[in-house]
Amino acid sequence: HHEHWLKDSYDGTNTYNLPFRTLWTNISTHFKNYPALLMFEVLNEPDGALGEWGGAVIPSDPTAISYTRQLNQVGYEAIRLTSGNNSTRIVFFMPNAKGNHDSLDEVYPNSSYLPGLGNDSYLAATVNTYDPWNFCGDSGSDSNYPGSATISNAITATIDHAQTLGIPVRYSEFGVGRSGLQSGRDTNNVREYYRTVDQTILARDMAPTYWDDRGWFALTESDGNGGFQFVFNIVPTSIAP
């Protein structure tokens, strides 16, 4: 996740490709006989030289897009070449912009750009969404909620594109933050956001994962008895205990 030695200054050369390939070769070799329940993600939240909003290189930069594809390919090849159960282990890859779901179609417009050239039945995409940031961000405002249709349509567009690529999608992060751990986001808009993201993804047989960092994006906290309790009432019925 925090491979800044790689992401911040990546230039497409073996200065970075060789150690990254070695890293994944070692990891994959160690776990090659583990069962299929173990899955790998090549690189979490590509950013820096690979492109990020608010950074020196924007996600739509052609070189950043090329670098993102290249690094995902390097890690993917290293995993598959170790054989064993890694030959059919699920491998996830992420687009740039820290894995933002809106970047999937730009970085991978068709299956020929995918690791494995679109011929791997055990390949999947991992994406995140905190859109729109002025609503979902840690200092976002309820007044910026765009409505459930906007939220749902963006997710649907991503999943539709993934299906043209022939791959499933896992939404590995989404949530609504609040600066300073204030509980002021206990609102109907926030509840509707969580419910909409959850139901839109599940309706397409994809996998959603709520981001709960026990911090600005906390959903739960310790109940003092070895269990947990909700920080405030924003959790949809589908994951209530």
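Just the heavy atoms: all of them, side chains too, but no hydrogens, waters or symmetry mates, feed the values below.
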Report all side-chain donor-acceptor pairs from residues 28-39 shorter than 3.5 Å, counting only partners two or more places apart or in another chain.
from, atom 1, to, atom 2, distance (Å)
S28, OG, W24, O, 2.7
T29, OG1, T25, O, 2.7
K32, NZ, T82, O, 3.0

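- In terms of the ring-ring contact (aromatic ring centres under 6.0 Å, His included) criterion, H1 has no residue partners (sequence neighbours excluded).
- With values rounded to the nearest 0.5 angstrom, L18 atom CG is found 12.5 Å from L23 atom CG.
- The backbone N or O of G215 sits less than 3.5 Å from a side-chain atom of D213, completing a donor-acceptor pair.
- Side chains of N86 and R89: a donor on one and an acceptor on the other come within 3.5 Å.
- Side-chain heavy atoms closer than 4.5 Å link hydrophobic residues (I, L, V, M, F, W, Y) into clusters, and following such links, even through other members, never connects F92 to V74.
- Distance CE/M94 to CG/L43: 9.0 Å, rounded to 0.5 Å.
- Within the 3.5 Å criterion, the main-chain N or O of I151 finds no donor-acceptor partner in the side chain of D131.
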* Evaluate the criterion side chain to side chain contact (heavy atoms under 4.5 Å, CB included) for residue pair N17 and Y10; output intermediate values, then yes/no. => CA-CA 9 Å; N17 289 335; Y10 184 72; 2.6 Å; yes
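- Across every non-hydrogen atom of L202 and P208, the tightest pair is CD2-CD, 3.6 Å.
- Connectivity analysis of hydrophobic side chains (ILVMFWY, heavy atoms under 4.5 Å, direct or indirect) links L81 to nothing; its cluster partners are none.
- Side-chain atoms of F230 and T220, non-hydrogen and from C-beta on, do get closer than 4.5 Å to each other.
- For residues 52-67, no residue pair satisfies the side-chain hydrogen bond (donor to acceptor under 3.5 Å, both in side chains) rule, not counting sequence neighbours.
- Within the structure, every pair that satisfies the side-chain hydrogen bond (donor to acceptor under 3.5 Å, both in side chains) test and touches residues 111-123, not counting sequence neighbours, is listed here: Y76-D120, R80-D120, N110-S112.
- Residues L114 and I65 fall within the same hydrophobic cluster, defined by Ile, Leu, Val, Met, Phe, Trp and Tyr side chains chained together at heavy-atom separations under 4.5 Å.
- Here the side chain of R178 pairs no donor or acceptor atom with the backbone of D138 at under 3.5 angstrom.
- With sequence neighbours left out, the side chain to side chain donor-acceptor pair (under 3.5 Å) criterion links Y16 to no other residue.
- Under a 3.5 Å cut-off, the side chain of R69 and the backbone N or O of V107 do form a donor-acceptor pair.
- Side-chain atoms of S152 do not come within 3.5 Å of backbone N or O of S148 as any donor-acceptor pair.
- A donor-acceptor pair shorter than 3.5 Å cannot be found between the side chains of T187 and N189.
- Residues satisfying the side chain to side chain donor-acceptor pair (under 3.5 Å) criterion with Q229, sequence neighbours excluded, are E221.
- Separation of atoms CG (L6) and OG1 (T15) is listed at 11.5 Å; rounding is to 0.5 Å.
- Minimum heavy-atom separation, A162 to V169: CB-CG2, 3.2 Å.
- For the atom pair CD of E173 and CG of N44, the computed distance is 6.5 Å after rounding to the nearest 0.5 Å.
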* Could you please spell out the steps behind the side chain to side chain contact (heavy atoms under 4.5 Å, CB included) verdict for Y171 and V127? => CA-CA 5 Å; Y171 269 77; V127 296; 3.8 Å; yes
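- Pairing each heavy atom of V57 with each of A64, the nearest pair is CG1-CB, 3.7 Å.
- The shortest heavy-atom contact between A124 and I167 is CA-CB, 4.4 Å.
- Taking the ring-ring contact (aromatic ring centres under 6.0 Å, His included) definition, one finds that F174 meets it with Y210, sequence neighbours left out.
- Here I159 contributes atom CD1 and T200 contributes atom OG1; the two are 7.5 Å apart, rounded to the nearest 0.5 Å.
- Under the side chain to side chain contact (heavy atoms under 4.5 Å, CB included) criterion, S141 pairs with S143, N144, not counting sequence neighbours.
- Contact between D102 and D105 at its shortest, heavy atoms only, is O-OD1, 3.1 Å.
- Heavy-atom contacts from other residues, nucleotides or ligands closer than 6.0 Å to NZ of K98 number 12 or fewer.
- Residues meeting the side chain to side chain donor-acceptor pair (under 3.5 Å) test with N128, sequence neighbours left out: E45, S172.
- Side-chain N or O atoms of D198 include none that pairs as donor or acceptor with a backbone N or O of Y194 at under 3.5 Å.
- No continuous path of hydrophobic side-chain contacts links I79 to I90 [ILVMFWY only; heavy atoms under 4.5 Å].
- Judged by distance alone, the side chain of R185 and the main-chain N or O of G140 form a donor-acceptor pair under 3.5 Å.
- Proximity of Y108 to N72: side-chain heavy atoms (C-beta onward) are separated by under 4.5 Å at one or more points.
- Applying the ring pair (Phe, Tyr, Trp, His ring centres under 6.0 Å) definition to pairs two or more places apart or across chains, those involving residues 125-169 are Y130-F217, F135-Y145, F135-Y193.
- Between the side chain of S103 and the main chain of G99, no donor-acceptor pair closer than 3.5 Å is present.
- Rounded to the nearest 0.5 Å, atoms CG (N96) and CG (L71) are 11.5 Å apart.
- For D160, the salt bridge (Lys or Arg N to Asp or Glu O under 4.0 Å) partners are R204, not counting sequence neighbours.
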